[in-house]
Amino acid sequence: PNTRVILMMDVGGSMDPYAHLASRLFSATSKATHFKELRTYYFHNCVYGRVYRTDRLDEPVTVRDLLRECGRHYKLIMVGDALMGPYELLERGGALGWSDPEGLEGIEWLRRLAAHFERHAWLNPEPRTGWYAPTIRIIGGILPIFPLSLEGLGEAVAHLTRGRRRSA
């Protein structure tokens, strides 16, 4: 009952086929009564200095404000396929119109999120067999990635609550 969760989801583009699944996850999570607080935010491909309160990517919240408002004890769960052009993750200022006002790379914002929150995980709706893209490997080096499946959710919850992967 004391758990505080931040749930961030990638929307648009390659995530469109998973929109219904992700919507169900957000809906089920928001109906859960065992969280003291649940904050939901959205982004496109990567976090570029801000996240958004709606899936229409409006009502921006800067990452700096989010980190200032939320302590290290919040659990961060990111949902996305982690598929993007490597330049979208690695180039200064963001990419594809999602420019970062501070001019930092998306990967730097992911590092800052991971460094701030003691417990964090990334849920990927793509089957593990599709996790060969360079951006998935790079993001996996910052945030542990779990499949968005029943088994993967169990592993992610074990990781978030006890800081370890559940054994098979």
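All values below were derived from every heavy atom in this structure, side-chain atoms included, with hydrogens, water molecules and symmetry-related copies excluded. Every value quoted in this text rests on a predicted model; they were computed, and no experiment measured them.
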message: Looking at every heavy atom in both Leu160 and Leu76, which two are closest together, and how far apart are they?
response: CD2-O, 4.1 Å
message: Working to the nearest 0.5 angstrom, can you tell me the gap between Asp81 CG and Leu148 CG?
response: 11.0 Å
- prompt: Would Arg4 and Cys70 satisfy side-chain contact (heavy atoms from CB on, under 4.5 Å), going step by step from the backbone distance to the final call?
  reply: CA-CA 9 Å; Arg4 296 173 188 258; Cys70 301; over 6 Å; no
query: Who passes side chain to side chain donor-acceptor pair (under 3.5 Å) against Asn124, sequence neighbours left out?
result: none
field: Result of checking Phe43, Trp109, Tyr48 against Val63 for side chain to side chain contact (heavy atoms under 4.5 Å, CB included)
entry: Trp109
- prompt: Taking it one step at a time, do Glu155 and Arg128 satisfy salt bridge (Lys or Arg N to Asp or Glu O under 4.0 Å)?
  reply: CA-CA 14 Å; Glu155 291 176 10; Arg128 277 191 204 262; 3.2 Å; yes
- prompt: Of all heavy-atom pairs between Ala82 and Ile139, which one has the smallest distance, and what is that distance?
  reply: CB-CD1, 3.7 Å
task: State, with a plain yes or no, whether a side-chain heavy atom of Tyr42 is found less than 4.5 Å away from one of Leu57.
output: yes
- line: Contacts of Arg39 meeting side chain to side chain donor-acceptor pair (under 3.5 Å) (sequence neighbours excluded), chain-then-number -> Glu37, Tyr41, Glu69
query: How would you list, by chain and number, every residue that makes a side-chain contact (heavy atoms from CB on, under 4.5 Å) with Ile138, sequence neighbours excluded?
result: Leu89, Leu90, Ile107
query: Which heavy atom in His44 sits nearest to a heavy atom in Gly13, and how many Å separate them?
result: CE1-N, 4.0 Å
task: For residues Met78 and Val47, report the shortest heavy-atom separation together with the two atoms involved.
output: CE-CG2, 3.7 Å
- prompt: What residues, two or more places apart in sequence or in another chain, satisfy side-chain contact (heavy atoms from CB on, under 4.5 Å) together with Ala133?
  reply: Leu83, Thr135, Ile136
- prompt: So, for Leu123 and Pro147, which heavy atoms are closest and what is the spacing to 0.1 Å?
  reply: CD2-O, 4.2 Å
query: Taking only residues two or more places apart in sequence or in another chain, which ones pass side-chain contact (heavy atoms from CB on, under 4.5 Å) with His116?
result: Leu67, Arg72
Member of Lys75, Lys36, Arg119 meeting the side chain to side chain contact (heavy atoms under 4.5 Å, CB included) criterion with Thr3: Lys75
query: Do Glu91 side-chain atoms and Glu88 backbone N/O form a donor-acceptor pair below 3.5 Å?
result: no
query: With sequence neighbours excluded, what pairs up with Arg137 under the side chain to side chain donor-acceptor pair (under 3.5 Å) test?
result: none
- request: Check whether any side-chain N or O of His159 sits under 3.5 Å from a backbone N or O of Gly154 as a donor-acceptor pair, and report yes or no.
  value: no
message: Is it true that Arg50 and Tyr52 share a donor-acceptor pair across their side chains at a distance under 3.5 Å?
response: yes
Those residues that, when tested against Glu59, pass side-chain contact (heavy atoms from CB on, under 4.5 Å) (two or more places apart): Arg53, Thr54
- prompt: At what distance, to the nearest 0.5 angstrom, does CG of Leu38 lie from CD1 of Ile6?
  reply: 9.5 Å
message: On a heavy-atom basis, which atom in Val51 and which in Met8 lie closest, and how many Å separate them?
response: CG1-SD, 3.9 Å
Salt bridge (Lys or Arg N to Asp or Glu O under 4.0 Å) against Glu108, all qualifying residues, sequence neighbours excluded: Arg111, Arg112
